[in-house]
Amino acid sequence: MAEAALGAAQWVVGKALGPVADGLLGAWSASSNFGLNIEDLRMELLLVKATLEQAARKDICGTAMEELLQRLLDSAHNAEDLLDELDYFRIHDELYHTYDAADQHGKGCVCNLALHARHTAKALAKQLSCAWPCGRGQRPPGDSSSPPNANQTGQELSGCMPKLGKLLPCSSSPHPHVHGDEVGVNAQETPMHEFNRVDFSQRMKDTVEQLKLMRNEVTKILQGCGPRTIPDIAQSRPITKGRIDEPKLYGRDTVMNNIIHDITKGQQYCTKGLTVLPVVGPGGMGKTTLIQHIYRNQQVQNNFPVMIWICVSFNFNLDKVLEQIKIGTRPVDSEKEGSTTEELIEERLKYKRFLLVLDDIWQISNVGDWEKLLSILNQSQEKGSMVLVTTRFRAIAQMVKTTGHSIELDGLNSGEFRKLFLTFVFGDEQCPRDKHFLLETGDKIMEKLKGSPLAAKTVGRLLSKEHSLYHWKRVLKSKEWEKQTDGIMSALRLSYDFLPFHLQQCFSYSGLFPEDTYLKSYDLTSLWIGLDILIPSDQNQTFEDIGLSNLNELVNYGFFKIEETDGDQRYVMHDLLHDLAMKVAAHDCLCLRLPNVGSVEIQPTTHHLSISTHDLDEYDAASGEKLRSELEELKTKLKVEHLHTLMLFGKVDGSFAKIFGDFLWEANALRVLYLLDMMYPMESMLHNFSGLVHLRCLCLGTCDREMHLPLNISKFYHLRVLDLEPWGGSCDLPRDMSNLAKLCHIHTHDGELHSDIYNVGKLKLLEELKVFRVKKKSEGFEPKQLEHLSKLRELGIYNLEKIHTEEEAAQAKLIEKNYLRRLTLDWDSKRSSVEPGVETAVLESLQPHGDLQVLCIRGHGGPSCPTWLGDEFAVEALQSLYLCDVSWEVFPSLGKALDLHELRLEGIAGLKDFIIEECFCRLIKLELIGLGSFENWVFPAEQESSLVGDLLPKDAHMFPLLQVLIIRKCPKLLGFPFSNHISSPDCFPKLQELEICDCPEFFLSVIPMSWIESLRHVLILRVKLLQKLECSKYSDGVNLLIEGTGDLHRIDQVLVFDKETSLVKLTLERCPPLELKHLLMLTSLKTLIVENSVGLVGPLEEREAIDGAPPHLPKLSGLDIYKSAAAEEEDDGVLLFPPHLCDSLMELEFINCQELVLVDPPTLVPGGGGGLQALRSLQRLTIQWSPKFLSTFSFSCHIFPSSLQFLCLLEVEGMETLEPLSNLSSLTRLELWNCGEDLKCQGLWSLLTTGGQLKELDDAEEVKKQQTRLVSSTLQELVWGFEDLQQLPAGLRNLTSLKILSLNCCPAISSLPNDALPDSLEKVDVYGCSEELKQYCRG
């Protein structure tokens, strides 16, 4: 802990020196006394910094030293606050040409006299005014209802010396919140607290004395401390071996079997030389255990004559590794005496296939050592040798792997984790019956552990000590596993200790976000910027560069995981890692979930507070008083005035907001403020909002569209990040936003808010300006505003048609913006006129820097592309190019865009030929949209000569890396450039997504779904032969939907059946019948849906031609037929099923099959008899809008198989009784709708007795006559729906398992029966009923 305090103190001292490092503050305040005070403080901070640097080289420990360092840290914080505040007033004076904080007045000695008198008067007023302290953030005793008035000092001064204002005419100055043309707008704002030079001078002297005192004490102790010894973290790591430590492997069977198969039989490894396969995952995920089971597998041991296990741990030492390999290999006759270790290894492995395990690699300091090891091992002439590496860090896995992928281990799935957890708790995978009362608490604990095997072991053994509910709840509440010295937290703590200090800071402060929060990169970098964690090492670095670099390192070290959400990258921290973050930062950070405050351990040194209100109930007197008392207790444990961070997650209503306002009254030192879901104006939560002069990061959010942004945000001169992405209120920025000269980021939902910044050119550190509208107003929006924005990384310039000269365009100086990575140049497509010559010149003058990566040009009316994108290609780093609605006749060849990854051409009427450049070998995404004239794919001359009859050379790849191909609204395009070869995996070997829409002449000969292994989704709409084709590939197979047109005569025109062996679901709509020879190829098909088609299978002759063939559709379990005239019909129109489906078909639907008839006796299965009863595995049967299905059936026997669990009959005519349903003992849900007016309920009630399984009943008009006889112990859901029902039956009380009662369209019911509802009822759904009933249900 002393080391943590030492690191924090060094960091804070470095921050405190920031304002005086560049000399601006010293130069501004240079005068007799004030300047000397600043210099004294600067010098003392330098001495403290030197002392701390010396302490870092000493062996320091103990609680006393920790407390001294903490006091020194507190003094450093005071110094930081003081200098930061002083710098704030310096900026204010410069902005408004005032002299509030200066020693000299700019207008001469008379005003100097008045200025000094004014400061003296302020000091005197402070002494005379009160018996209570009037320092910043303090309020007079007894005042708990209103915020402190910042004009109070002035009023008291006026009372003491009423003539002072007349004597000092120069003493008044424009207030920063009320000046110039904004008097009427901002007059109601809370004024900023005033500067008192005398008070500041005294505070600086006091701070210097405090620092000096604590520095001297620390220096004395350091004299007796010896040199620091660096602890060897490796000593904390156990030495692993190849023996199996855990006898049973849970939840890893699939990955283990896959690895064993691949390394012993798989072609990708066995036919190659040496392969390195890394297994990567956080500590405690079971990497070593998995490899131990693989290492001891008999099949593996049979395959590898030589097997070596080495525990590498922290430092990869090549000499030690080679020595252990030598020990692990047997000598051979060909060895020579005096050979080196390398030569011996090469000779011993020369003709042997070997498996080498390098377990637990943390770092490889010298990449050359790793390459040398591989070089030695590669001397083996035997194919299929393997190196398995386990590591916590992605960077290591990336470095060592020789395959295209790594094995990434996450937490176990819930089922397997539960088994493992219970095994550690009870010694068995099942919980004993007499311990079931513990499972609810156990489930909550398991949820916290996120599938970590080591966590299961740690916590399971902790719980096994005492099988009592008290003990388990105590473990859950206090997270006792965090205190175990040999458990999951220790394993994770090692990873944390391995991080450098700046990454430790980034990780630990990230724990202020609630656990399981999916964060964008800027969420994290904004917090780090606000806390001054990101310190540029030189002028060429931006905060964004440093933040993203740190974030990538934390991902590589395994502290964050990247997940794709709606196409965006999000970062999430594992729950256990979140607990670790809070544990290591407990001295400084606190996360609260209100209203539970009392149970949390709170340190008085807390500077960063995160509060979640998601568990707060609606406000009432009791809850309000409880929250107030909890927060009052919290104030006794931490100093609100020392808070640097406040993050509030969740809604807070008005009454709670007032309580928070009282709690946060003295929070004046805030650097970071997050209020994500404001329901009331800012002043309700923070009465002193305008006085937050230290604020660096401000995030505001609301769903109230009428709420306005606080106008005084333009007075936070230290603000670097303004995050308004969650803001849904009125977006009205103050006119003087350009005062925020330190602002780097303004995050917004769509970027349009950026276009409202007046005089944006003053924000010289701004890193993104997504929308700049040229001449949006008469002044403050000229192109020259962009001239000095040299830090921009993203820029969008709109309304470029308002620039009329190339000189005016050149004022933006885009070519000098060497940080610029994304640029949008936009001409309004709705402009009244186009001047091609002018627009050509303007675009030519807007040449960006050569390091630009993403370029979008939209609406340009010139005849050709600019030279810097054409013949004189100057954006060599370009990775993405978007050209939309341009009028060019001459297009860039892009042959020099060697790093182009993404290309989008949209709405370009004149583009007829698309030239396939050689540089497209790196293209990842290609979009061609709305190209009305596009009809030709053109190859470069050198490739065109190699094409013969549209045939590509065997090894030719036009788009070898392409992952996404989208073609829309290209009416003249006939097909791909090599349409005969789209099905070959050589054409698009990496393609993942293919979309072709609204190209009526486009002909796609075959669908490449199964031929291209990487392909995951295909969508084709309105092309030749097809109205729609959609294909999706999942882990368990392929789903395919085909909707044909009148020109589609055979399915094999668009589908190659012998390649679709992985097809599991096939939907055919408006398609010709399948041929039986094709059905034979669909060996994996589980679900077949036929809609609006003339039949299911082709002519009878084809069926007879393949007699004796293997059963077709052997895995079919679901068949749905919609609006079909026939389905595999004999001449007499009888529907037949292959006999083998009797034991596999589980789901059957007939919907809108008007002519389909179930004959009596039924003959659905040839020779099987029994009609639908022959379908012995059928579980779900739906018959809707097929009125003739039962029209000829006599209902003399049961017609449905007893295996049915779900039955829905809708508008099926001819039913007279439900007796044929009485055998459905497995039925859990029954729906009967409009199945005949004379339907009797005989047979239904046996389903509702104790022995039945019916859980849900949608009861229609036909069964209401028997409603009073409802009796069931299993029915869980009951739905009533008929108009004339007056009241519900009293028999409902007999439904002892009923949980949900739904009343649909029962307008005559006005109340529920008294004492007639079962105790088990949990929910009543009312839809389309009377208002009286709705009010009755609401109570």
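Treat the numbers as computed from the prediction; the structure is a model and nothing was measured.
Ring planes of His747 and His745: parallel class, angle under 30° (limits at 30 and 60°). Relative ring orientation between Phe649 and Tyr674 is described as tilted, the plane-to-plane angle lying within the 30° to 60° band. The aromatic rings of His77 and His644 sit perpendicular to each other, their planes meeting at more than 60°, with 30° as the lower class boundary.
Aromatic rings from Phe716 and Phe689 are positioned such that their centres are separated by under 6.0 Å.
Ion pairing of Asp81 with Arg671 is present here, as a side-chain N (NZ or NE/NH1/NH2) and a carboxylate O approach within less than 4.0 Å. Taking a cutoff of 4.0 Å between a charged side-chain nitrogen and a carboxylate oxygen, Asp93 and Arg90 do not qualify as a salt bridge.
Side chains of Lys776 and Ser755: a donor on one and an acceptor on the other come within 3.5 Å. With 3.5 Å as the limit, one finds a donor-acceptor pair spanning the side chains of Ser714 and Asp736. Side-chain contact of Asn78 with Glu80: a donor-acceptor pair under 3.5 Å is absent, judged by distance alone. Side-chain contact of His849 with Asn818: a donor-acceptor pair under 3.5 Å is absent, judged by distance alone. Using a 3.5 Å distance cut-off with no hydrogens or angles, the side chains of Thr867 and Glu844 do pair a donor with an acceptor. A side-chain donor from one of His718 and Lys742 sits under 3.5 Å from a side-chain acceptor of the other. Side-chain contact of Tyr882 with Glu902: a donor-acceptor pair under 3.5 Å is present, judged by distance alone.
Annotation: cation-pi geometry satisfied between Arg773 and Tyr798 (NZ/CZ under 6.0 angstrom from ring centroid, within 45° of ring axis).
For the atom pair NZ of Lys520 and CG of Leu551, the computed distance is 14.5 Å after rounding to the nearest 0.5 Å.
A distance-only check finds no donor-acceptor pair linking the side chain of His860 to the backbone of Trp827 [under 3.5 Å].
Across Lys784, Lys775, Lys802, Lys813, a single residue satisfies salt bridge (Lys or Arg N to Asp or Glu O under 4.0 Å) together with Glu808, and that is Lys775.
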Checking salt bridge (charged side-chain N to carboxylate O under 4.0 Å, His left out) for the pair Lys791/Asp545: CA distance, chi angles, key distance, verdict? CA-CA 11 Å; Lys791 299 289 187 180; Asp545 292 330; over 6 Å; no
